[in-house]
Amino acid sequence: MIPAARFLRTLALAACILVLTGQSVPAGEPVVVAWPDSPPAYQWDGTSPIGQDADLLRQLAGQLDLDLRFQRCRPGLYQALRPGKPCPDCRPNPNEDRCEDLLYQGKADLMAGLAITPERQDFLVFVTPPLRQAGPTILFTRPGKRPVAETRDLYGKTIVVDRNDPSGRLVTARTSSLRLVDTPLDALRLVLAGKADLAGLDEGAGRWWRPQAGPERALEECPLVLDAPVDLHLAVSRKSGLMDRLDELEQALARILKPSPDPGADQ
């Protein structure tokens, strides 16, 4: 019995040491970043991600000695959807990698630029401080339609929403019949085809893709703009080894995002 008790004490001590060191990601193992191919927020220059969030992640990796590997994936998720969430167009395809599914499965460690939603909180932890705020949500419709100038005008409308919309303003509002699609371009084309009343898109994405959807005057912006502040965060998969380094992540992120002192402030 004594050897067994000694063995258990040794095992417990080793476990405590492992937890205290916080080295859950084995040395040399890359930290996988889910990175969609979804401009303008997420872009690739050949095989290298570019943009504000990509630069920030590289700074973060430098401070924490992380080896980042960016994995290209399609926007959105399938497996992580809760039953009953409005997604009539979801058709799982085992041959494609969905960004949030990779996080849900633990195949990716983190992703930048996500808003907090109840569905995401089931499988993600959101690091503070936030990276930035989402831009306004703009509504696009066909010319000649009754103008949407107030929130109450949304009732009874079928609205197409990009499932990767970082703000999620329209999904959480639940004021209308919502249809989720894979890309902003899909949303705009459904409105052009008369299969939906409105496309609700992030300002940057909507104006980026609008010229590619059809003729210049085929779509117009509605007077109503949804611009309630929505924070966008760095999100870590609950299955990632980085879970034991959340404090380090938050401290490093706070240092990077801290405003630089104004040289003339004391003059």
Side-chain angles (χ1 to χ4, degrees), residues 36-43 50-56 75-77 85-87 99-100 111-120 126 128-192 196-214 216-235 257 259:
D37 195 353
S38 180
Y42 303 94
Q43 297 189 57
I50 57 175
Q52 176 184 350
D53 289 345
D55 293 340
L56 186 144
L77 67 165
K85 184 175 178 180
C87 187
C99 298
E100 291 180 61
M111 183 173 172
L114 291 179
I116 298 175
T117 66
E119 290 79 12
R120 287 171 175 164
F126 293 86
T128 56
L131 304 178
R132 52 190 168 83
Q133 286 194 331
T137 296
I138 295 179
L139 299 167
F140 294 88
T141 189
R142 284 170 292 154
K145 292 290 183 179
R146 181 180 175 183
V148 176
E150 303 178 27
T151 305
R152 64 183 181 182
D153 295 333
L154 296 176
Y155 285 92
K157 299 287 194 301
T158 299
I159 305 179
V160 192
V161 181
D162 170 16
R163 73 174 80 251
N164 197 50
D165 173 26
S167 73
R169 290 186 183 97
L170 285 167
V171 173
T172 54
R174 298 182 184 279
T175 55
S176 312
S177 174
L178 292 175
R179 182 174 179 181
L180 302 186
V181 293
D182 287 340
T183 69
L185 186 58
D186 291 337
L188 294 169
R189 283 175 172 169
L190 283 174
V191 174
L192 276 174
D197 299 302
L198 301 163
L201 301 172
D202 171 78
E203 178 184 35
R207 289 176 177 165
W208 173 282
W209 289 105
R210 178 181 174 180
Q212 302 181 49
E216 182 179 355
R217 299 182 182 274
L219 291 169
E220 63 183 23
E221 296 180 17
C222 297
L224 177 64
V225 175
L226 305 176
D227 58 359
V230 175
D231 290 333
L232 302 181
H233 292 258
L234 179 66
L257 295 175

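Quantities reported herein were computed from a predicted structural model and do not represent experimental measurements.
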Nearest 0.5 Å, what's the [atom1]-[atom2] distance between [X] and [Y]?
{"X": "L232", "Y": "I116", "atom1": "CG", "atom2": "CD1", "value": "10.0 Å"}
{"X": "L139", "Y": "I159", "atom1": "CG", "atom2": "CD1", "value": "6.0 Å"}
{"X": "D55", "Y": "I50", "atom1": "CG", "atom2": "CD1", "value": "9.0 Å"}
{"X": "L114", "Y": "D53", "atom1": "CG", "atom2": "CG", "value": "9.5 Å"}
{"X": "K157", "Y": "C222", "atom1": "NZ", "atom2": "SG", "value": "9.0 Å"}
{"X": "T158", "Y": "D197", "atom1": "OG1", "atom2": "CG", "value": "5.0 Å"}

Specify the closest pair of heavy atoms between [X] and [Y], including all atoms of both residues, with the distance to one decimal.
{"X": "A187", "Y": "L201", "answer": "CB-CD2, 4.1 Å"}
{"X": "V191", "Y": "F140", "answer": "CG1-O, 4.1 Å"}
{"X": "P36", "Y": "M111", "answer": "CG-CE, 3.7 Å"}
{"X": "A112", "Y": "L131", "answer": "CB-CD1, 3.8 Å"}
{"X": "W208", "Y": "P40", "answer": "CE3-CB, 3.7 Å"}
{"X": "E203", "Y": "I138", "answer": "CG-CD1, 3.5 Å"}

Can you tell if the side chain of [X] reaches within under 4.5 Å of the side chain of [Y], non-hydrogen atoms only?
{"X": "L219", "Y": "L192", "answer": "yes"}
{"X": "F126", "Y": "L234", "answer": "no"}
{"X": "T141", "Y": "E220", "answer": "yes"}
{"X": "D153", "Y": "T151", "answer": "no"}
{"X": "V230", "Y": "Q133", "answer": "no"}
{"X": "L198", "Y": "V148", "answer": "yes"}

* Tell me, please, which residues at least two apart from D186 pass side chain to side chain donor-acceptor pair (under 3.5 Å). =>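 Partners of D186 by the side chain to side chain donor-acceptor pair (under 3.5 Å) criterion, ordered by chain and then number, come out as T183.
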
* Can you sort out the partners of E221 under salt bridge (Lys or Arg N to Asp or Glu O under 4.0 Å), two or more places apart, ordered by chain and number? =>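 Partners of E221 under the salt bridge (Lys or Arg N to Asp or Glu O under 4.0 Å) test: R207, R210.
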
* Looking at residues at least two apart in the chain, or sitting in another chain, which of them share a salt bridge (Lys or Arg N to Asp or Glu O under 4.0 Å) with D227? ->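 Partners of D227 by the salt bridge (Lys or Arg N to Asp or Glu O under 4.0 Å) criterion come out as none, since no residue qualifies.
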
* Asked: Stepwise, does the side-chain contact (heavy atoms from CB on, under 4.5 Å) test hold for E150 with L224?
  -> CA-CA 6 Å; E150 303 178 27; L224 177 64; 5.6 Å; no

* Please answer whether the main-chain N or O of A115 pairs with a side-chain N or O of R120 as donor and acceptor at a distance below 3.5 Å. => yes

* To do: Look at D231 together with R132 and state whether they make a salt bridge at an N to O cut-off of under 4.0 Å.
  =>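 Result for this pair is no, no salt bridge flagged.
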
